[in-house]
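So the structure is just underneath, and the comments pick up after that.
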Amino acid sequence: MGRPPKSSSKAQSLRNDHYDGHKSTGGKKPKSRKVSLKINPPAKMTTFTRPPPTWPADLPYLSTVHLDKSLTSGQHALLHPEDLPGSDAYIVSSPCVFSPTLNPLVVIEAIKNPSHPAYPQSGLFAARQLAPGTHILDYTGLVHSCPLPTCSTSDYDLAFLDRDASLAVDGAGMGNEARFINDYHGIAEAPNTVFEEYYVKVKGAKGKEVWEARMGVWVNPLSNGIAKGEEICLSYGKGYWRARIGAMEQYEDDASESAEWKEEEVAEQTTSMAIEEGNE
Ligand SMILES: C[S@@+](CC[C@H](N)C(=O)[O-])C[C@H]1O[C@@H](n2cnc3c(N)ncnc32)[C@H](O)[C@@H]1O
C-alpha cells in the first residue's frame, strides 16, 4: 500500500512491510533483498455482499467502503477518478460483479490456542487453497480524512491512496472479514498476504459507470500460496507496533528480528529524509 497519509497516524496505520509491489513503495527505492513480483488482478472482480455466519451482530458489515461525510471533493475525486492515475495502476476493466453470497475464500475463526499472540481474539483463515497473487477480498471500513482523533487509537485504521490524499480506511466500527487479519509476527515466518490498491469499474449514481479505488488484500506473490485452513497474515509495518510499545516488547526476545527491524528503520528514516528534502 501507499505511504501513510501526511500528518496522520503515520506511526499507527497498518501498512505493507514485506512486499514491494510496483507502487507500494510510495516512491522509495526497493530494498535489494526484496523482489518485485506482481499481483494478478482477475479479468472480472466479484464483491461478495453477504456477511459470514460468524459476523459480530453489533458491527455493520460493509462489502464496500463507507465514505465519511467530511471528505472533500478532491478526496472524492481520488476515490472515484475520471481518469486513471497512471499506467502502473492495477486495473480491472470489467464492471465489478456484486454477488449476494458470502466470500468463499475466507473464514473468521476465534483463536483457541493460548500461545497464539492474538489469543483470545479472532483471525482470518483460508477456506481453500489460494494461489500466489490471488485477490482474496478488499479492506473495507469508514473512509475518512486524516487526522481524526480515532486515528491514533484505532487498531484497524489503514492508510489509503497517495500520502497527500490524507485518507484512511478504518475497520474498527464497521467493515468486512479483512479487519480480522492478524499481523504475521509470532504466527508465521513471513506475511502470506499484501495490501495493494487497484481500480475497478462500478455503477455510480444514475447508473453511470465510474472507476473506484479499492484496497485489495492479495496472496503475497512472493509466497508459495496459502493452504486451506492456514491463517491469513499481513505485515502491519514497524510503525504500527512502534506505536504500541507493549506489543513491541514481545518481539524484543527475537534478536535477529529486532536487528532486522532496526536496519529497516534506519533505511526508512533515511528515505523519508530524502523525500522530505526533495532529493529523490
Ligand atoms: C486489525 S486487528 C486484527 C483482528 C483482531 N485479532 C480481532 O479479532 O479483531 C489488529 C489487532 O489484532 C491483534 N493482533 C494482530 N496481530 C497480532 C500479533 N501478531 N500479535 C499480537 N496481537 C496481534 C492486536 O490486538 C491488534 O491491535
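Keep in mind that what you see is a predicted model, and the values were worked out from it rather than measured. Remember, it's 1-based here, ligands and their atoms both numbered in the order they're listed.
Heavy-atom contacts of Arg179 reach the following atoms of ligand 1: 1 (C), 2 (S), 3 (C), 4 (C) (cutoff under 4.0 Å). Here is the list of ligand 1 atoms found below 4.0 Å of a heavy atom in Asp183: 15 (C), 16 (N), 18 (C), 19 (N). Residue Asp155 approaches ligand 1 through these ligand atoms, each under 4.0 Å from one of its heavy atoms: 1 (C), 10 (C), 27 (O). Those atoms of ligand 1 with a heavy atom of Phe180 less than 4.0 angstrom away are 4 (C), 7 (C), 8 (O), 9 (O). Close approach of ligand 1 to Tyr156 (heavy-atom distance below 4.0 Å) involves ligand atoms 1 (C), 2 (S), 5 (C), 7 (C), 9 (O).
Between Val200 and Pro41, every side-chain heavy-atom pair lies at or beyond the 4.5 Å cut-off.
A donor-acceptor contact closer than 3.5 angstrom is absent between the side chains of Thr140 and Asp138. Glu230 and Asn192 are linked by a side-chain donor-acceptor pair at a separation below 3.5 angstrom, with hydrogens and angles left out of the test.
For Ile181, the closest heavy-atom approach to ligand 1 falls below 4.0 Å. Under the 4.0 angstrom criterion for non-hydrogen atoms, Tyr139 is not in contact with ligand 1.
Note that CZ of Phe48 and OH of Tyr61 are 9.5 Å apart. Values are rounded to the nearest 0.5 Å. How far CE of Met215 is from CG of Leu161: 7.0 Å, rounded to the nearest 0.5 Å. Residue Met45 holds its CE atom at 14.5 Å from NZ of Lys201, rounded to the nearest 0.5 Å.
Between Glu109, Glu231, Gln121, it is Gln121 that holds the heavy atom closest to atom 12 (O) of ligand 1.
Taking a 6.0 Å sphere around CG of Asn224, one finds it holds 12 or fewer heavy atoms contributed by other residues, nucleotides or ligands.
Checking only distances, His185 does come within under 3.5 Å of ligand 1, N or O to N or O.
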